[in-house]
Structures are given as C-alpha cells and as structure tokens.
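The structure appears below as structure tokens.
All heavy atoms count here, side chains included; hydrogens, waters and symmetry mates do not. Everything numeric here is computed off the predicted structure, so don't read it as measured data.
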Number of protein chains: 2
Amino acid sequence: MTSRKKKEALDTSTEEKIKVAARTVFHQKGFAATRTRDIAEEAGINLALLNYYFRSKEKLFKLIMLETVAGFMGGMTIVFNDPDTPLEEKVALLVDRYIDTAIAEPEIPLFIMSELRNNPHEFLEKLPIGKMLMHSAFIRQYQEAVAEGRIVEPNPLHFIMNVIGLVIFPFIGRPILQNVGSLNNQEFEQLMQQRKKLIPVWIQAIMKAG
Amino acid sequence: MTSRKKKEALDTSTEEKIKVAARTVFHQKGFAATRTRDIAEEAGINLALLNYYFRSKEKLFKLIMLETVAGFMGGMTIVFNDPDTPLEEKVALLVDRYIDTAIAEPEIPLFIMSELRNNPHEFLEKLPIGKMLMHSAFIRQYQEAVAEGRIVEPNPLHFIMNVIGLVIFPFIGRPILQNVGSLNNQEFEQLMQQRKKLIPVWIQAIMKAG
DNA sequence: GTCTATAGGGGGATAGAC
DNA sequence: GTCTATCCCCCTATAGAC
C-alpha cells in the first residue's frame with residue numbers, strides 16, 4: 001500500500017491528471033469554448049483517453065462544475081452555519097477566506113456565474129445552499145441584531161448581496177478594473193489584500209445606515 | 001424621404017432586424033455557445049442573409065460587443081465627467097440609472113464580463129473609458145473630499161468598485177440569489193428597486209468609515 | 001436582396017491495434 | 001490502459017438560382 005500511495009503522490013493517476021486539466025481549461029474558457037482536444041493536450045494525454053475515463057465532454061463538465069460550485073459555496077455555508085462566531089466575526093472570516101481563495105483561483109467566480117446562467121436548476125438543485133443558508137445560525141443572529149437595533153435593514157438578502165458583492169465583484173470585473181486603474185497583476189492583488197481589512201469596516205458602517 | 005423613413009419605422013430594415021436578433025442571442029448565450037442559425041431564426045430570415053450583411057459570425061459579434069460595452073460604460077463616464085453635480089448626487093444618479101438599465105436588460109452585465117475575459121484588450125483599447133474616468137471631474141471631487149476629510153479611503157478605485165459592485169453584482173449572481181432567497185422574478189425586481197434608495201445611503205456610510 | 005443547396009472544416013466520439 | 005486513425009455530425013460560410 002505504501003508503494004501505491006507513493007506512486008500516486010509522485011505521478012498522479014491519469015484520471016486525476018485529466019480532471020485537473022479539465023478544471024483549468026473549463027474555468028478559463030467555459031464549457032462552450034472548450035474543446036476536448038484542449039483538455040487532452042493540457043493533460044498530456046490522448047483525446048481517446050478522455051472519453052475512456054469520462055464518456056463525454058458533458059459528463060466531464062458536470063463533474064467539474066459540481067465540484068467547483070460545491071467547493072466554493074460549501075465553505076461559505078459552513079461559516080454562516082457556525083452558531084458560536086458572532087455576526088461581525090463571520091463577516092471578517094468570510095471576507096478573509098474568500099479573497100484568499102479568489103486570489104488563488106481568480107477565474108472561478110466568473111466561471112460559476114457564467115455557466116450557471118445556462119442551466120441554473122441543473123446544479124443549484126443538487127446543492128442545498130439555499131435552504132441551508134436561510135435556516136442557518138446566521139439568519140437567527142441577523143434577526144436578533146435587527147431586533148436589538150444594531151442593524152437597520154431588516155432583509156438579510158441585502159446583507160448577503162453586499163458582503164459577497166464587495167468581495168467577489170472586483171474579480172469578476174477584473175479586466176475593466178485593471179484597465180481603468182492601469183494596474184498590473186501585482187497591483188491588483190495588493191488592492192484585494194487591502195480590501196480584507198476594509199470590507200469588514202464598511203459592512204459595519206452599512207449595518208447602521210440601512 | 002418621408003416614405004423611406006416611414007417604411008423603416010413600420011418595418012425595420014433587414015440589417016437592423018439581424019442586429020437586434022444578434023444582440024438578443026449573443027447576450028443570452030455568449031459568443032461560443034451562439035450558432036448563427038439561432039440568430040437567423042430569431043431574426044426571421046435566412047442564414048445566408050446574415051453572411052451577406054455581416055460577412056462572418058465574428059464580425060457581427062465584434063460589432064454587437066462594441067456597441068454593448070460602449071452603451072453600458074459610456075453612460076457611466078458621462079455622469080462621472082459632469083463637473084456640476086456633486087459627488088453624492090453622482091452616486092445617486094449612477095445607481096438609479098444603472099439599476100434601471102440592468103432591470104431592462106439583465107443579461108448585459110454578465111455578458112460583458114464573460115466576453116471580456118477572452119480578449120480584454122481587443123475591446124477595452126478601443127474605448128478610452130480608463131483614461132476618461134481617471135481624469136474626470138469625479139476624480140477631482142473625490143480628492144477634494146478626501147482632503148476635506150469627508151472621505152477616509154484615499155484610493156478612488158475602491159470607491160468605484162464598491163458603487164458598481166453593489167449595483168451590478170446582484171444581476172450577475174442572480175440565479176444564486178433567487179435560489180437562496182426563493183425569489184421569483186417579480187420579487188427579485190422589487191429587491192433591486194429597493195436598492196436604488198439603499199445603496200446611496202450605504203455609500204455615504206462607507207465614505208466616512210474607510 | 002433573399003432564398004435553397006451544398007461545400008468545407010472542426011470537433012466529439014469510437015474502432016481497433018498494441 | 002493508451003495510442004492512432006477515422007467516422008460523422010454540426011456549424012460556418014459560400015455558390016448560384018430567382
């Protein structure tokens with residue numbers, strides 16, 4: 001068993017190589033613009049192998065899409081669900097975490113939004129983020145804060161939109177932003193790092209201004 | 001000349017019909033997923049006519065893309081550039097205007113961001129939004145406000161990201177938002193209408209909290 | 001200008017050898 | 001399991017009649 005583990009660690013399995021390549025290419029170009037030949041080349045294997053392992057382009061895509069959405073949104077719901085961290089801390093955690101992951105894989109937010117436009121039900125139905133979120137500890141905490149007058153706006157959806165929007169939108173509008181501000185990649189990343197500290201402060205201000 | 005005008009008003013020219021159809025389909029599906037047959041059908045004409053008027057799918061797309069980006073971003077720079085409206089009023093104008101246009105054509109924000117990912121230079125170079133914006137009356141007003149202590153955060157890029165993000169992100173994340181909040185289209189639109197009044201207030205709060 | 005018919009190429013998928 | 005070669009459909013673009 002040691003040797004098997006070693007082997008997979010040193011040189012990952014073909015199936016895994018294809019999945020990694022598929023993630024990369026799909027995330028960059030989206031489903032429609034991706035050719036299975038691109039994925040095969042990226043993986044350093046032959047086109048036939050892709051169909052041998054995953055049957056079809058569509059099957060492979062659905063796999064990658066589900067994993068990507070689950071990975072990205074899943075972390076979010078975990079943070080929202082924890083009853084022990086107060087609202088303010090939740091925001092700081094979310095902002096910090098999502099700016100880091102978005103810096104690491106900047107194509108993911110736009111990828112998810114673009115591909116979700118085509119068949120939203122297909123993927124959202126399989127992932128109960130909606131119900132999970134609206135029945136989470138976050139919602140209770142939010143309602144308490146409204147009742148205690150610490151938050152003015154009673155609808156938590158506005159709050160969610162604001163937090164996620166402030167964090168993620170710069171990554172979606174990145175080409176425009178870099179053009180407007182004449183930013184290279186490093187300067188862009190510095191700006192995002194700044195926002196880790198700024199956004200929680202802004203959210204605090206928004207809460208009291210609803 | 002009267003008759004010619006009348007004719008075009010009653011029943012628009014074939015060229016125009018194709019362009020309108022191309023806008024619709026491209027905006028919904030993006031370049032890669034759009035088939036010229038879809039456009040022809042949407043326009044109620046034959047496929048050959050599309051090539052007769054526009055030479056190729058790519059030429060037609062670039063035309064639509066440029067018009068769309070120019071139309072969407074152009075209105076923004078005009079508002080930013082006006083030296084007579086103070087900063088606070090600019091925000092209110094922008095928010096009001098862009099929520100209305102995004103409600104009217106909700107696919108445009110995501111369309112622009114998605115297609116810009118492929119070849120950002122191709123389109124952004126042709127539209128001097130960057131230089132126009134960074135040398136506009138808005139920038140001067142912003143710096144004044146910073147100098148007078150009315151705004152804490154010195155970098156106007158954060159301000160721009162925040163305003164645009166708060167306005168546009170809900171339209172980009174629409175499927176997720178509607179899923180999370182169990183919203184039908186009417187409820188979604190009501191939420192956006194609410195934000196016309198809320199966002200300017202929030203921006204005021206953010207200014208003083210940087 | 002508008003149509004029908006078709007050429008031509010690209011890309012997903014498979015057959016079959018190794 | 002992995003490769004080469006190839007099938008075949010779909011989609012863009014054009015030829016040519018009207």
Side-chain angles (χ1 to χ4, degrees), chain A residues 1 3-66 114-115 118-119 122, chain B residues 1 3-66 114-115 118-119 122:
Chain A
M1 47 178 138
S3 72
R4 190 177 150 270
K5 257 191 187 168
K6 236 185 212 163
K7 189 169 177 252
E8 292 199 356
L10 290 176
D11 138 78
T12 44
S13 72
T14 304
E15 188 171 356
E16 191 59 26
K17 272 197 292 188
I18 297 175
K19 270 182 66 175
V20 170
R23 271 184 70 92
T24 306
V25 181
F26 278 138
H27 286 179
Q28 275 175 15
K29 310 215 239 183
F31 175 78
T34 293
R35 295 172 306 160
T36 50
R37 284 171 164 82
D38 296 337
I39 298 176
E41 190 184 359
E42 173 82 19
I45 53 98
N46 188 279
L47 174 57
L49 267 183
L50 189 151
N51 288 290
Y52 173 77
Y53 279 103
F54 298 97
R55 294 282 300 165
S56 78
K57 178 189 179 184
E58 201 178 347
K59 284 229 172 59
L60 177 55
F61 174 76
K62 285 182 180 170
L63 187 70
I64 300 296
M65 179 72 180
L66 268 180
S114 308
E115 301 300 329
N118 303 321
N119 34 14
E122 165 91 50
Chain B
M1 47 178 136
S3 72
R4 190 176 149 271
K5 259 191 187 170
K6 236 184 210 162
K7 189 168 178 252
E8 293 199 356
L10 290 176
D11 138 78
T12 44
S13 71
T14 304
E15 188 171 356
E16 191 59 26
K17 272 196 291 189
I18 298 175
K19 270 182 65 174
V20 170
R23 272 184 70 92
T24 306
V25 182
F26 278 139
H27 286 179
Q28 276 176 14
K29 309 215 235 183
F31 175 77
T34 293
R35 295 172 305 159
T36 49
R37 282 171 163 82
D38 296 337
I39 299 175
E41 189 184 0
E42 172 82 20
I45 53 99
N46 189 278
L47 174 58
L49 268 182
L50 188 150
N51 288 290
Y52 173 77
Y53 279 104
F54 298 97
R55 294 280 301 164
S56 77
K57 178 189 180 184
E58 200 178 349
K59 285 229 171 59
L60 176 54
F61 175 76
K62 285 182 180 171
L63 188 69
I64 300 296
M65 179 72 181
L66 267 180
S114 307
E115 300 300 328
N118 304 321
N119 36 15
E122 164 92 49

Original post:
CD of Glu41(B): more than 12 outside heavy atoms within 6.0 angstrom?
Top reply: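 Not more than 12 within 6.0 Å, no.
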
Between [N] atom [atom2] and [X] atom [atom1], what is the distance in whole Å?
| X | N | atom1 | atom2 | result |
| --- | --- | --- | --- | --- |
| Phe54(B) | dG1(C) | CZ | P | 12 Å |
| Tyr52(B) | dG1(C) | OH | P | 5 Å |
| Glu16(B) | dG1(C) | CD | P | 14 Å |
| Leu49(B) | dA15(D) | CG | P | 16 Å |
| Glu41(A) | dG11(C) | CD | C1' | 14 Å |
| Asn46(A) | dA15(C) | CG | P | 15 Å |
| Ile39(A) | dG12(C) | CD1 | C1' | 11 Å |
| Glu58(A) | dA13(C) | CD | P | 8 Å |

So [X], base contact, sugar-phosphate only, or nothing? Heavy-atom distance under 4.0 Å.
| X | answer |
| --- | --- |
| Tyr53(B) | sugar-phosphate |
| Leu47(A) | base |
| Arg37(A) | base |

Original post:
Quick one: are Thr24(A) and Gln28(A) in side-chain contact, heavy atoms under 4.5 Å?
Top reply: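 A side-chain contact under 4.5 Å exists here.
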
Proximal nucleotide (of [options]) relative to the [X] side chain:
| X | options | result |
| --- | --- | --- |
| Thr36(A) | dA13(D), dG12(C), dA13(C) | dG12(C) |
| Ala48(A) | dC3(C), dA13(C), dT4(D) | dT4(D) |
| Thr14(A) | dG1(C), dT2(D), dA13(D) | dT2(D) |

Original post:
Should the ring pair Phe31(A) and Phe26(A) be called parallel, tilted or perpendicular, given that the plane angle runs from 0 to 90° and is split at 30 and 60?
Top reply: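 If you compare the ring of Phe31(A) with that of Phe26(A), the planes turn out parallel.
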
**OP:** With DNA chain C as reference, determine whether Arg35(A) or Asn51(A) sits nearer its 5' end, using the nearest nucleotide of each.
**Re:**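 This one resolves to Arg35(A).
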
Subject >> Expected output: side-chain Asp38(B) to main-chain Arg35(B) donor-acceptor under 3.5 Å >> reply: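 Yes; at least one donor-acceptor contact below 3.5 Å.
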
Original post:
Below 4.0 angstrom, N of the basic side chain to O of the carboxylate: do Lys62(A) and Glu58(A) qualify?
Top reply: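 A salt bridge links Lys62(A) with Glu58(A).
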
